[in-house]
Amino acid sequence: MKSLKVILCGKLYDGIHAELKENQKILVEGNQIAAVGADLEIPESAEIIDLSDATVTPGMIDAHIHLDYFDWHTIRQEVYDNSEEAKTLAILHSVQKTLSRGFTTVRHMGGITSNSFGVLDVKRSIEKGYFTGSRIVAAPRLLCTAGSHGDLSQGFSRNPALSHYLMGQYQSLGSGKAFFAHAVREEIKYGADFIKLMATGGFFTPNDNPMQQQINDEEMEAVITTAHEWGKTVTAHVYRSDHIRKLLKYGIDGLEHCSLIDEETAQMVAEQNVYVVPTFCPYEDAVHYDPVLIQTKQPEYREKLEYYKDMLQKGREVIKNSNMKLGYGTDQVATHMCYESGYEYKAWMESGMGGFRALHAATQVNAEILQLDDKIGTIEPGKYADIAAWKRDLLTDPYALLDCAFVMKEGVVYPTEKCEDLD
């Protein structure tokens, strides 16, 4: 017999409507939501969960996260100091933490320190019930070229022999359309849910910049075409408008960052219904310029934030004022722990995006991006009982999603914790 639980909501954001409904009840039967409403009859056998002093929402979703490190302060050492087994343990640690923070689903965007398929082992172990943790959707490895933003041997570029050896350990790094077509097929063979393409340079790596196209047009097209032939979607790390337009031409499904986008390109993205996960967090010290905090960043990261500051500020305004389909993702490899996903909410709020727009992105829109909108992302009958609750004011408090008061995943209640920075 399926267990019955009734959640009494002080306020309810259902992931569908831009409103907080008062005095709603949610009937949970087993792992699913059975009914939602103000006048639900409470079965005698039901367990009552009183959240009348909180705002109840769908379980949050982080659509851009790198799970494979323990501490962002030591992330570069972890690339080479930690074994692949240790990196897999870091993934498990991270998804246990994201769950406790109210994020019941995460999308792993390729290994930052790892070069293995450990994330798929963690995903399957959670699905089988061996461990607890957030649900994982994953692209295990980044598809990239030599010297690019995805080439983890960049840090040893002054020692060519060692760098060349290390580069050879990354089987998703190469060149030529034949290589990338094969690489896509291999990722799918081993269980990738989608493909992540490193199309351009970035901010955090030492020897490249976000203005560079780092995979040529033929290679780019080969990745997207091959993935679509195999029924998988592709998303790309990209910043500049001309690079975004190329990806649109080749049929890209999604775009990550787009921090230097212009209005014309944003309109093209919207018209083609391509989603964007803008990942505000990594650029906050430049967009909301803080010369003191910028000084705490790694030298090359700091220099690029300073150099592109004005462009990042303009790009943020374009994203804010656009009608693009925006998802919610953090990409916290140089600012916070990866599991502190609520910091992105603070960035959205302080950029004037509004609470409902951020909540919509982190629930229903992200569920669509992950192709799980038939299962999660909204509170309505038939969906998994992925539910969170928050005691801070979601519409006025930028720290609200850093202080989870309740979390349930598939009908099971788990312990919560708030961000340590709030203590």
Side-chain angles (χ1 to χ4, degrees), residues 3 5-15 20 24-26 28 31-33 47-63 65 67 70-71 90-107 122 126 129-136 281 328-330 332 336-346 348-349 355 358-359 361-363 366-367 376-379 383-423:
S3 64
K5 298 181 179 73
V6 173
I7 299 173
L8 309 180
C9 310
K11 296 178 181 178
L12 174 66
Y13 172 71
D14 61 12
L20 299 180
Q24 297 288 298
K25 302 182 185 73
I26 305 170
V28 175
N31 66 352
Q32 292 189 334
I33 297 168
E47 175 190 350
I48 306 300
I49 299 174
D50 188 355
L51 297 175
S52 57
D53 60 345
T55 300
V56 177
T57 69
M60 295 292 154
I61 305 167
D62 188 334
I65 190 168
L67 298 164
F70 286 105
D71 188 333
I91 293 167
L92 177 60
H93 171 74
S94 297
V95 291
Q96 289 177 336
K97 286 282 197 177
T98 52
L99 179 61
S100 72
R101 308 300 177 94
F103 284 73
T104 53
T105 305
V106 295
R107 186 173 67 146
V122 175
I126 290 171
Y130 298 134
F131 297 101
T132 61
S134 301
R135 183 182 297 103
I136 299 174
C281 270
Y328 178 109
T330 52
Q332 295 184 142
H336 302 287
M337 300 303 185
C338 68
Y339 49 80
E340 295 176 333
S341 298
Y343 273 110
E344 185 73 6
Y345 195 73
K346 179 177 182 288
W348 281 54
M349 294 288 279
L359 291 170
T363 55
N366 272 359
I376 62 173
T378 57
I379 293 180
K383 297 290 183 73
Y384 281 143
D386 280 20
I387 297 168
W390 320 83
K391 293 190 178 180
R392 293 177 181 245
D393 188 335
L394 288 170
L395 301 184
T396 63
D397 187 344
Y399 294 92
L401 289 195
L402 289 164
D403 194 359
C404 183
F406 172 87
V407 65
M408 169 186 284
K409 179 190 167 199
E410 294 189 26
V412 178
V413 179
Y414 293 94
T416 62
E417 61 182 20
K418 66 180 180 180
C419 175
E420 290 86 349
D421 291 348
L422 300 182
D423 291 334

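- Of all non-hydrogen atoms in Glu344 and Thr330, the two that sit nearest each other are CB-CG2, 3.6 Å.
- Here CZ of Phe406 is found 9.5 Å from SG of Cys9. Values are rounded to the nearest 0.5 Å.
- When the side chain to side chain contact (heavy atoms under 4.5 Å, CB included) test is applied to Ala385, the partners found at least two apart in sequence or on another chain are Val28, Ile33, Ile387, Met408.
- Partners of Asp71 according to the side-chain hydrogen bond (donor to acceptor under 3.5 Å, both in side chains) rule, which considers only residues two or more places apart in sequence or in another chain, are His73.
- Of the possible donor and acceptor atoms, one in the side chain of Lys5 sits under 3.5 Å from a partner among the backbone N and O of Gly411.
- Scanning for salt bridge (Lys or Arg N to Asp or Glu O under 4.0 Å) contacts around Lys346 gives Glu350, with sequence neighbours left out.
- Applying the side chain to side chain contact (heavy atoms under 4.5 Å, CB included) rule to Met349 yields the partners Tyr345, Pro398; only residues at least two apart in sequence or on another chain are considered.
- Remark: Thr104 OG1 to Tyr384 OH distance equals 12.0 Å, nearest 0.5 Å.
- Going from atom CG of Leu92 over to atom CG of Leu67 covers 10.0 Å, rounded to the nearest 0.5 Å.
- In this structure Ala63 satisfies the side chain to side chain contact (heavy atoms under 4.5 Å, CB included) test together with Arg107, Val277, Asn366, Leu370, sequence neighbours excluded.
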| request: Determine, step by step, whether Ile61 and Tyr328 satisfy the side-chain contact (heavy atoms from CB on, under 4.5 Å) criterion, reporting the C-alpha distance in whole Å, the side-chain angles of both residues, the deciding distance to 0.1 Å, and the verdict. | output: CA-CA 7 Å; Ile61 305 167; Tyr328 178 109; over 6 Å; no

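- In this structure, Ala361 and Trp348 approach most closely via the heavy-atom pair CB-CH2, 3.6 Å.
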| said: Working note: Thr363 + Tyr13, criterion side-chain contact (heavy atoms from CB on, under 4.5 Å); need CA distance, chi angles, decisive distance, verdict. | reply: CA-CA 10 Å; Thr363 55; Tyr13 172 71; 3.8 Å; yes

| Run the side-chain contact (heavy atoms from CB on, under 4.5 Å) check on Val56 and Asp14 step by step: do they pass? | CA-CA 8 Å; Val56 177; Asp14 61 12; over 6 Å; no

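- Closest non-hydrogen pair, Ser341 versus Ile65, comes out as OG-CD1, 4.3 Å.
- Residues meeting the side-chain hydrogen bond (donor to acceptor under 3.5 Å, both in side chains) test with Thr57, sequence neighbours left out: Trp390.
- Here the closest heavy-atom approach between residue Cys404 and residue Ser100 is recorded as CB-O, 4.0 Å.
- Taking CD1 of Ile379 as the reference point, atom CG of Leu12 lies at 5.0 Å (rounded to 0.5 Å).
- The minimum heavy-atom distance between Ala54 and Ala389, with the atom names listed, is CB-CB, 4.1 Å.
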| Trace of the side-chain contact (heavy atoms from CB on, under 4.5 Å) decision for Thr132 with Gln96 | CA-CA 6 Å; Thr132 61; Gln96 289 177 336; 4.3 Å; yes

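- Among residues at least two apart or in separate chains, side-chain hydrogen bond (donor to acceptor under 3.5 Å, both in side chains) pairs with a member in residues 403-414 are Arg135-Glu410, Arg392-Asp403.
- Taking the side chain as every heavy atom from C-beta outward, Asp62 and Thr98 never approach each other to under 4.5 Å.
- Listed by chain and residue number, Asp50 satisfy the side-chain hydrogen bond (donor to acceptor under 3.5 Å, both in side chains) test with Ser52 (two or more places apart in sequence, or in another chain).
- With sequence neighbours excluded, the residues satisfying salt bridge (Lys or Arg N to Asp or Glu O under 4.0 Å) with Glu417 are Lys97, Arg101.
- The SG atom of Cys419 sits 8.0 Å away from atom NE2 of His336, with the distance rounded to the nearest 0.5 Å.
- Residues passing the ring pair (Phe, Tyr, Trp, His ring centres under 6.0 Å) test with Tyr399: none are found, sequence neighbours excluded.
- Contact detail for Cys338 and Ser94: the closest heavy-atom pair is SG-OG, 3.3 Å.
- Contacts of Lys391 classified as salt bridge (Lys or Arg N to Asp or Glu O under 4.0 Å), with partners at least two apart in sequence or in another chain: Asp53.
- The side-chain hydrogen bond (donor to acceptor under 3.5 Å, both in side chains) check on Thr378 picks up Glu380, Lys383, with sequence neighbours excluded.
- Once rounded to the nearest 0.5 Å, the distance linking CG of Asp386 with OG of Ser134 reads 9.0 Å.
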